[in-house]
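This report concerns only the one structure given below.
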Amino acid sequence: MAFSGDLLAGIPGESKEARDRRLAWWREARFGMFIHWGIYSIPAGVWKGRQEKGKPAEWIMNAFQIPDAEYSQLAKDFNPVQFDARTWARLAKSAGMKYLIITSKHHDGFCMFDSKLTDYNLVAATPFRRDAIAELAKACADEAIHFGIYYSQLDWHHATRPGVQPRIPNFLKYMEYMKGQLQELLTRYGPFGSLFFDGDWMPQWNNRRGREVETLCRRLQPQVVINDRIGKRPLIKNLGALLKVPQAVSPPRVGDYATPEQNIPPGLPACDWETCMTMNDSWGYKSFDQNWKSTAGLIRNLADIASKGGNFLLNVGPTSEGLIPEPSVERLREIGQWMEVNGESIYGTTAGPLQNLSWGRTTQKPGQIFLHVFDWPGGELNISGLKEKIQSACLLEDPQRGPLPFTTANGNLAIKLPEKAPNSISSVVVLTV
Ligand code: FHN
């Protein structure tokens, strides 16, 4: 399905064929791990005994207006000795995730890699003295997972104060610093799958500066897939993200794909897009946030997102010891079990032929339509609106793929289903057409 938004997004002058080749792995992948990790995982949402309930843990410097001189002392206590990059990469893989994006620098400006441009980093400023980006890039390569980084252009370490709309003095000098760090990141850690910029709502950021940084990134890694926050999204998009309001997705002005946050677009976006979402209410680790989404809800979100032609970037917030919280591990394992059986109804699919269904979602591939049945009718599933001629129907869960009886009359397809749902979360019926 051609996207009119393509004309805007991506590399100026890049042919549709070249773009399709460059994004093929990303569109095929559909499902990735987002990792928010940094020195903010030490306070984990609590500062001097006070819990920050409203804002996520990685915003604690802003939430308590902590001066940079005080906040940066956290680095001295950051020593995640239990960090094992291979364990994280394998967990992502076991969940059926095909790519991973970790915060190399978040809004607090602390760098999770060995930057030569500042000592405010994991190797120079902490007792840990190891480069987490290097170790995770290697682990992902070993596990054949596409590695990517998150980089925040908004930087409270360089700003006058940790505001929502901070100002960075001598911004041109900061641009050189930023480009210098991206030069380090994009030349020292191997090929990146994707780059996730963030903080484009800061007043000094604009599309011209976004294109400047994009040109550098594409010169260093021509194949990389970049999100729309390298540019400046319309303010409503940012507010919508911060206020968790489902919004229509507009094609990126700069970058390759749009990034709705904490919500799933209501309709069918006319561009490549990826929803990023937390498993509880915080991106960074928040010790007291136990508001975990259910595994069923997360699997149905994945099917919903794929049914609209999007990718799902699901977040974990590791602790300051370097461990992924158990509730996250549990959910990723359970999602992995579902993907083990049903992955082909997600990977490499495009938006389904039928939308806004009460009983579930649809995805498709050439010659196949996948019916993701959330509410099992127990008996007969009636579907209208399919234009394709149905050849056969069977359950993805059924290793023999035994044929399910069906009839078609007056544009209505009636499939005879077993009484009991093979999977209470989502059972997939495959139609060959
Ligand atoms: O402020 C950030 C937030 O901390 C987190 O990184 C999310 C993830 O996409 N993005 C921003 C809020 O829109």
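Read the numbers this way: they start at 1 and go in the same order the structure lists the ligands and their atoms.
Taking 4.0 Å as the cut-off, Tyr40 does not count as a neighbour of ligand 1 on heavy-atom distance.
Contact atoms of ligand 1 toward His106: 3 (C), 4 (O), 5 (C), 6 (O) (distance under 4.0 Å to a heavy atom of the residue). Every atom of ligand 1 with a heavy atom of His36 under 4.0 Å away is listed here by number and element: 5 (C), 6 (O), 8 (C). Set against the non-hydrogen atoms of Glu58, the atoms of ligand 1 under 4.0 Å away are 3 (C), 4 (O), 5 (C). Atom numbering of ligand 1 starts at 1 in the shown order; those under 4.0 Å from a heavy atom of Tyr150 are 6 (O). Heavy-atom proximity to Arg229, at under 4.0 Å, picks out these atoms of ligand 1: 9 (O), 10 (N), 13 (O). In summary, the atoms of ligand 1 found under 4.0 Å from a heavy atom of Cys276, numbered by their order in the structure, are 9 (O). Listed by number with element, the atoms of ligand 1 under 4.0 Å from a non-hydrogen atom of Trp201 are 1 (O), 11 (C).
Under the 30°/60° scheme for interplanar angles, the aromatic rings of Tyr174 and His158 are found to be tilted.
The pair Arg229-Asp200 does not meet the salt-bridge criterion, since no charged nitrogen lies less than 4.0 angstrom from a carboxylate oxygen. A salt bridge is absent between Glu176 and Lys173: the closest approach of a Lys/Arg side-chain nitrogen to an acidic carboxylate oxygen does not fall below 4.0 angstrom. A salt bridge links Asp304 and Lys308; the closest N-O separation between the charged side-chain nitrogens and carboxylate oxygens is under 4.0 Å. With respect to the salt-bridge test (charged N to carboxylate O, under 4.0 angstrom), the residues Glu184 and Lys116 do not qualify. A salt bridge does not link Arg21 to Glu17: none of the charged side-chain nitrogens sits closer than 4.0 Å to a carboxylate oxygen.
Proximity annotation for atom 7 (C) of ligand 1: of Lys55, Arg233, Glu261, Glu261 comes nearest, heavy atoms only. Between atom 10 (N) of ligand 1 and the options Asp108, Asp200, Asp198, the minimum heavy-atom separation is to Asp198.
Considering backbone and side-chain N/O of Trp283, none are found under 3.5 Å from N/O of ligand 1.
Counting only distance, with no hydrogens or angles, the side chain of Asn342 and the backbone of Trp338 share a donor-acceptor pair below 3.5 Å.
With ring centers used as reference points, Trp201 lies under 6.0 Å from His107.
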